[in-house]
Amino acid sequence: MKLIDGKQISASLKERLAVQVASFPEKYGRVPHLVVVRVGEDPASVVYVRNKAKACEACGIKNTTLVLPEDTPEAALLDRIRELNADDSVDGVLVQLPLPRHISEAKVIETIDRNKDVDGFHPYNVAGLWQKTPHMSPCTPAGIMKLLEAEGVDPKGKRAVVIGRSNIVGLPVAKMLLDANATVTLCHTRTVNMPEITRQAEILVVAAGRAKMVTGDMVSPGCVVIDVGMDRDEDGKLCGDVDFDSVAPKAAAITPVPGGVGPMTIACLMENTVQCFLNKQTEK
Ligand code: GUN
C-alpha cells in the first residue's frame with residue numbers, strides 16, 4: 001500500500017505557482033488578489049479560511065479575509081459581493097460554505113461574478129464543465145484528478161466508483177473521471193448493495209460525509225482509494241469517510257485524512273486565482 005501524500009504534491013504545486021506569481025509585478029504591475037468571505041464562526045470554516053490565507057502567502061498571492069457577523073442580512077452580503085465584483089483590484093471572490101441558515105447559498109453563488117468564481121460553483125462554470133466549454137474547475141474534484149495524475153493512475157479504461165452526489169464533489173468528479181475515459185458508477189445513500197458495486201472499483205472516490213463508512217470488505221485488492229471525508233469518529237478524532245485501518249492493507253494507494261485531498265483543494269484554489277488574474281490581463 002502506498003500513502004498518497006497530498007501535502008507534498010500540493011506543496012510542489014504551490015512552489016510552481018509562487019515562481020509564476022513572482023514574475024507578475026514586472027509583467028502586469030501587480031500580483032493576483034483573492035478575497036475570502038467568512039460569515040459567522042463555524043469552527044471548520046475558521047480553519048479552512050485560515051488555511052486559504054496561508055496558502056496565498058506561500059504563493060505570493062494577495063489575500064483579504066472578510067469576517068462578517070453571523071446575523072449579517074442576506075441582502076447585505078449580496079451587496080458586499082457586488083462591491084467585490086466591481087472592484088478591479090480583486091481577481092477572485094470566495095464565500096466560505098456553509099452559510100448561516102437565513103442566507104441562500106444558491107443566491108450567493110449566483111451573485112459572485114463568474115469570472116471571479118475561483119470555487120467553480122457558479123451555474124455558468126458548472127455548465128462549462130458539463131458542456132466542455134471554458135470554465136473554472138471546482139477545486140476538490142480538480143485536486144483529486146491531480147492526485148491521480150501525480151500517482152501515475154490513468155483513469156482511461158478503468159472502473160471508477162464515486163460515492164456521493166453533491167454539486168461540490170460527487171457529481172463533478174464523476175464527470176471529470178468520465179472525461180478521462182473511466183467507466184463511472186455513481187453511488188449514494190439510496191444505493192442498494194453498495195459493497196457489491198464498490199468491490200468492482202479500480203478507483204474509489206468517497207465523498208459521502210459519513211465517518212468510516214467504507215470498510216475493508218467493500219474494497220478489492222489493488223484499488224486506488226481517494227477519501228474526501230473530513231469527519232469525527234466516536235472518540236472525536238478527525239477521520240475520513242473511509243475506515244483507514246481496514247481499507248489501507250487492501251488498497252494499492254490511499255489518501256490519508258488529514259493530508260490527502262484537503263491540501264489539494266487549496267492548491268487548486270490558488271491555481272484558479274492565478275487563472276482568473278491571467279484571464280483579466282488578456283482581456284485588456
Ligand atoms: N466549504 C467546504 N469546502 C468548500 C469549498 O471548496 N469552497 C467554499 N466556498 N466553501 C467550502
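Counting starts at 1 for both ligands and their atoms, following the listed order.
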Any donor-acceptor N or O pair under 3.5 Å, side chains Lys27, Gln281
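No pair is found: no donor N or O on one side chain lies under 3.5 Å from an acceptor on the other.
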Check the angle between the aromatic planes of Tyr28 and Phe277 and answer parallel, tilted or perpendicular using the 30° and 60° thresholds.
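Ring orientation of Tyr28 relative to Phe277: perpendicular.
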For atom 10 (N) of ligand 1, what's the nearest protein heavy-atom neighbour? Residue, atom name and distance, please.
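Answer for atom 10 (N) of ligand 1: Leu97 N, 3.0 Å.
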How close does the nearest protein non-hydrogen atom get to atom 4 (C) of ligand 1, and which residue and atom is it?
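Among all protein heavy atoms, the one nearest atom 4 (C) of ligand 1 is Gln96 NE2, 4.0 Å.
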Whether Thr255 side chain and Val261 backbone form a donor-acceptor pair below 3.5 Å:
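Pair absent, no side-chain N/O of Thr255 close to backbone of Val261.
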Identity of the nearest option to atom 7 (N) of ligand 1, non-hydrogen atoms only, from Val95, Thr265, Asp119:
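Answer by nearest heavy atom: Asp119.
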Within a reach of under 6.0 Å around CZ of Arg82, are more than 12 heavy atoms found that belong to other residues, nucleotides or ligands?
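Yes, because the 6.0 Å sphere around CZ of Arg82 holds more than 12 heavy atoms from other groups.
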Location of contacts on Leu94 toward ligand 1, heavy atoms closer than 4.0 Å:
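The part of Leu94 near ligand 1 is the side chain, not the backbone.
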